[in-house]
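Proteins come first, then strands; the chains are lettered A, B, ... in the order of their sequence lines, and each starts at number 1.
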Amino acid sequence: MPEGPEVECVRRSLKSIIGKKLQRIHLTELSQKYHKYQNKQTQFNQFSGHQIKKIERIGKFLIFKFDRKEVILNHLGMSGNWLLLKEKDQILPSHSKVLIEFETLPNVVFYDMRNLGQFKIYESYNSVLKHQPIRKMGIDGLLSTFPMDEFLLRIDKRNYANREIGSVLLDQKLVAGIGNIYKSESLALANINPTRLVKTLKNKERRRLGQAISKTLHKAVESMGSTFNSFRTPDGREGSAQNWHQVYGKKGGKCSSCGSEIRRVVQDKRSTFYCPNCQL
DNA sequence: CCGCTGGCCTGCGAGC
DNA sequence: TGCTCGCAGGCCAGCG
């Protein structure tokens with residue numbers, strides 16, 4: 001479900017809990033089972049009576065900031081999501097892991113079927129920035145102005161030269177926020193074959209790719225993300241980005257611009273979809 | 001530091 | 001109907 005654009009939509013939808021006074025952050029029994037939800041309930045008790053001041057997004061991570069120095073780092077993994085609970089005693093979704101209750105409704109719950117998400121306390125904002133994946137995070141693909149020069153510098157690093165671009169695009173150290181869908185879609189928009197080695201990409205193609213990434217991610221946010229099975233924003237809205245996908249999930253279908261059959265290849269154990277005729 | 005492999009999890013649908 | 005398999009929007013640890 002969640003790539004950078006979906007995480008951004010979740011973040012925006014959670015704005016309705018900013019500034020509200022917390023009663024408690026409650027871990028469900030389920031969450032105690034999984035090592036990725038490391039902190040104990042008692043460590044969350046310190047947040048009772050405090051306010052969420054801000055929710056930031058860095059790549060695919062969300063960072064909850066409070067009126068105290070500790071922060072919470074949240075990752076949705078493959079299946080995590082938040083839901084606003086607008087009614088008292090509303091039934092929680094299955095696989096609920098974290099329930100946050102306020103003095104006034106709505107409350108909010110984090111649920112995560114596959115348990116690949118995270119919800120972790122850090123002692124300060126600075127310490128979370130030192131946290132490994134965040135410290136090394138690349139360009140934010142959702143910056144309003146895509147930093148093309150930096151993109152060209154980063155993609156030119158030696159370790160990418162002999163790798164396939166389809167695989168490199170999933171590396172959050174290059175552009176943060178791209179996931180498996182928007183990887184395929186960005187390459188389709190740029191007319192670049194995912195199996196091309198980075199070193200064979202001409203400067204013009206690299207620029208085209210950078211533009212395509214930025215355009216694709218922004219368009220996805222405007223569409224409220226992609227909804228395949230059940231992704232919704234926390235306030236219940238479905239995304240519509242899937243309606244303009246050119247290639248993702250369309251193996252065997254026809255390319256809308258040339259009619260060729262869309263192919264699927266596996267790169268780094270992830271599917272990549274492309275049009276063999278349009279993407280050279 | 002790098003790239004590669006396997007692992008972490010649950011659920012769903014296709015095919016037998 | 002039930003089984004197995006592959007697959008799913010992500011990432012990390014461990015190895016050489």
Exercise. Closer than 4.0 Å, any side-chain N/O of A/Tyr182 to the OP1 or OP2 of C/dG9?
Worked result: no

For this session: Let me know the distance between NZ of A/Lys250 and C1' of C/dC7, rounded to the nearest Å.
Result: 18 Å

Exercise. If you measure from the Lys or Arg side-chain nitrogens to the Asp or Glu carboxylate oxygens, is any gap between A/Lys54 and A/Glu56 under 4.0 Å?
Worked result: yes

For this session: State plainly whether the residues A/Glu261 and A/Lys251 are in salt-bridge range, i.e. N to O under 4.0 Å.
Result: no

For this session: Would you kindly check if the NZ (Lys) or CZ (Arg) of A/Lys65 is within the cone defined by 45 degrees around the ring axis of A/Tyr125 and under 6.0 Å from the six-membered ring centre?
Result: yes

For this session: Using the test ring-ring contact (aromatic ring centres under 6.0 Å, His included), find all partners of A/His75 that sit at least two apart in sequence or belong to another chain.
Result: A/Phe61

Exercise. To the nearest Å, how far apart are A/Glu238 CD and C/dG9 C1'?
Worked result: 15 Å

For this session: Grab the CG-P distance between A/Leu76 and C/dG10 for me, whole Å please.
Result: 11 Å

Exercise. Looking at A/Asp235 and A/Lys86, does any basic side-chain N land under 4.0 Å from a carboxylate oxygen?
Worked result: no

Exercise. Does anyone know the first and last nucleotide of DNA chain B in reach of chain A, 5' to 3', at under 4.0 angstrom to a heavy atom?
Worked result: B/dC1 to B/dG11

Exercise. What are the residues of residues 32-41 of chain A, sorted by number, that bring a heavy atom to within less than 4.0 Å of DNA chain B?
Worked result: A/Tyr34, A/His35

Exercise. What integer distance in Å separates A/Asp112:CG from C/dG10:C1'?
Worked result: 11 Å

Problem set entry | Residues within residues 264-271 of chain A bordering DNA chain C, heavy-atom distance below 4.0 Å | A/Arg264, A/Arg270, A/Ser271

Exercise. Does a side-chain N-to-carboxylate-O contact under 4.0 Å join A/Lys36 and A/Asp112?
Worked result: no

Exercise. What's the CG-P distance between A/Asn180 and C/dC7, to the nearest Å?
Worked result: 12 Å

For this session: Report the residues that fulfil side chain to side chain donor-acceptor pair (under 3.5 Å) with A/Asn162, sequence neighbours left out, ordered by chain and then residue number.
Result: A/Lys199

For this session: Spell out, as yes or no, whether a donor-acceptor pair under 3.5 Å connects the side chain of A/Glu70 to the backbone of A/Ile121.
Result: no

Problem set entry | Distance test, side-chain N/O of A/His75 to OP1/OP2 of C/dG10, below 4.0 Å | no

Exercise. If you check the A/Lys60 side chain, which of C/dG10, C/dC12, C/dG9 turns out closest?
Worked result: C/dG10

Problem set entry | Validation row: A/Leu187, A/Leu169 side chains within 4.5 angstrom (heavy atoms) | yes

Exercise. Are any of the side-chain heavy atoms of A/Leu22 and A/Ser48 separated by less than 4.5 Å?
Worked result: no

Problem set entry | Salt bridge present between A/Glu8 and A/Arg11 (N-O < 4.0 angstrom) | yes

For this session: Tell me yes or no: between the side chains of A/Asp171 and A/Tyr160, is some donor less than 3.5 Å from an acceptor?
Result: yes

Exercise. For A/Met113 and A/Gln118, take the nucleotide of DNA chain C holding the closest heavy atom to each; which residue's nucleotide lies nearer the 5' end?
Worked result: A/Met113

Exercise. Rounded to the nearest Å, what distance is computed from the CZ atom of residue A/Arg135 to the C1' atom of nucleotide C/dC11?
Worked result: 17 Å

Exercise. Under 30°, 30 to 60°, or over 60°: which ring-plane class applies to A/Phe110 and A/Phe119, parallel, tilted or perpendicular?
Worked result: parallel

Exercise. Which part of the nucleic acid, if any, lies within contact of A/Lys136, taking any heavy atom under 4.0 Å across all strands shown: a base, the sugar-phosphate backbone alone, or nothing?
Worked result: sugar-phosphate

Seminar exercise, completed: Stems of at least 3 consecutive Watson-Crick or G-U wobble pairs (donor-acceptor distances under 3.5 Å) involving DNA chain B, listed by first number, are B:2-8 with C:10-16, B:10-16 with C:2-8

Exercise. Under 3.5 Å, is there a donor-acceptor pair between the A/Asn126 and A/Ser124 side chains?
Worked result: no

Exercise. Can you tell me how far P of C/dC12 sits from CD1 of A/Ile134, to the nearest Å?
Worked result: 10 Å

For this session: Quickly work out the A/Phe61 CZ to C/dG10 C1' distance and round it to whole Å.
Result: 9 Å

For this session: Write down the distance separating the C1' atoms in C/dG9 and B/dT5, rounded off to the nearest Å.
Result: 22 Å

For this session: Fit a plane to each ring of A/Phe44 and A/Phe47, take the angle between them on a 0 to 90° scale, and name the class: parallel (under 30°), tilted (30 to 60°) or perpendicular (over 60°).
Result: tilted

Exercise. Taking the same atom, P, in B/dC9 and in C/dC3, what whole-Å distance lies between them?
Worked result: 24 Å

